[in-house]
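Reviewing the structure listed below.
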Amino acid sequence: MPITVRDLRNFKQRGERFAMLTAYDYPTARLLDEAGIPVLLVGDSVANNILGYETTLPVTMEEMLHHTRAVARGTKNALVVGDMPFMSYQTSLEEGIRNAGRFLKEGGAHAVKLEGGMYELTAALVDRGIPVMGHLGLTPQSVHAMGGYRVQGRTEEDANRLLDGALSLEKAGVFSLVLEGVPTEVGRRITEAVSMPTIGIGAGPHCDGQVLVVNDFLGLNTGTYPRFAKPYANLAEVITSAAKEFLADVAEGRFPNEAHSYH
Ligand code: KIV
């Protein structure tokens, strides 16, 4: 059965924790969907994880729509959330509404995600039938304003500001809220204070759901992983050793053999 925004609310009411993963392409989306992951986020982190950019800032609407369409085509049951890229929604309400609409009309997404305190835009989108996932705490599109990728809400004042932001987003109508890079205590306070489910990434174990970036989840990085990430596989090693085996097989005439040949 396809997952809807109502199901996420019901998960929270029933105290059922749920998982979300990012996905950027058709085969991965298909496998994750078939495995039962209920929410797939086409994150703007496609910028660093797939497209090789340093930050999420350069990724465009057209690139996001291209990846969202691929994920939507690979998905039968998961709720597909399109992440609105930097400057596709911060310039004006009108542009934000038009671009959010494109994720549903052209991308096949079921909802969009916005970073930061976009209260007015959130309410306007919800009014127009576009479900919105909020995102507070460490918001990577504000990397320069934050002075780097830093845990947010460490002081009482900052924690209170985040809580106020979460309550305002709740009022504006978000159906769920990503909390990224905040202390466990802040993750817990916000989760207990709001009616919509929170989805944590580096926000401790008390959030209603947890999200991982698929590259971290699959162990696709060659360097180190952030503290909050847990690789559940080591695909970097699998890919590297497969490539080396193929190189050797070709060089030594083991591939192709009779089984791979036509007569
Ligand atoms: O783009 C992304 O991957 C995200 C997650 C970290 C929530 O926004």
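Position 1 is the first residue of the sequence, and the numbers go up from there. Basis for what follows: all heavy atoms, side chains included, without hydrogens, waters or symmetry-related copies. Order of appearance sets the numbers: ligands from 1, and atoms from 1 within every ligand.
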Practice item. Just jot down the side-chain contact (heavy atoms from CB on, under 4.5 Å) partners of Ser261, sequence neighbours excluded, or say none. Key: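 Residues passing side-chain contact (heavy atoms from CB on, under 4.5 Å) with Ser261: Pro256.
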Exercise for review: Using a 4.5 Å cut-off on heavy atoms from C-beta on, say whether the side chain of Glu185 contacts that of Arg189.
Suggested key: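 With C-beta onward as the side chain, the pair stays apart.
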Review point. Does the pair Glu62/Arg102 count as a salt bridge with the N-to-O cut at 4.0 Å?
Key: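 Salt bridge flag = yes for Arg102 with Glu62.
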Review point. Under a 4.0 Å N-O cut-off, is there an ion pair linking Lys12 with Asp208?
Key: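 Looking at Lys12 and Asp208, the cut-off is met.
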Point to revise | For Asp164, all residues meeting salt bridge (Lys or Arg N to Asp or Glu O under 4.0 Å), sequence neighbours excluded | key: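 So Asp164 forms no salt bridge (Lys or Arg N to Asp or Glu O under 4.0 Å) with any residue.
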Point to revise | Summary of side chain to side chain donor-acceptor pair (under 3.5 Å) pairs that have at least one residue in residues 109-118, sequence neighbours excluded | key: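 Listed by first then second residue: Asp83-Lys113, Lys113-His135.
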N/O contact list for ligand 1, threshold under 3.5 Å:
residue  : atom  : partner : partner atom : Å
ligand 1 : 1 (O) : Asp44   : N            : 3.2
ligand 1 : 1 (O) : Asp44   : OD1          : 3.0
ligand 1 : 1 (O) : Ser45   : N            : 3.2
ligand 1 : 1 (O) : Ser45   : OG           : 3.2
ligand 1 : 1 (O) : Asp83   : OD2          : 3.1
ligand 1 : 3 (O) : Ser45   : OG           : 2.5
ligand 1 : 8 (O) : Lys113  : NZ           : 3.0

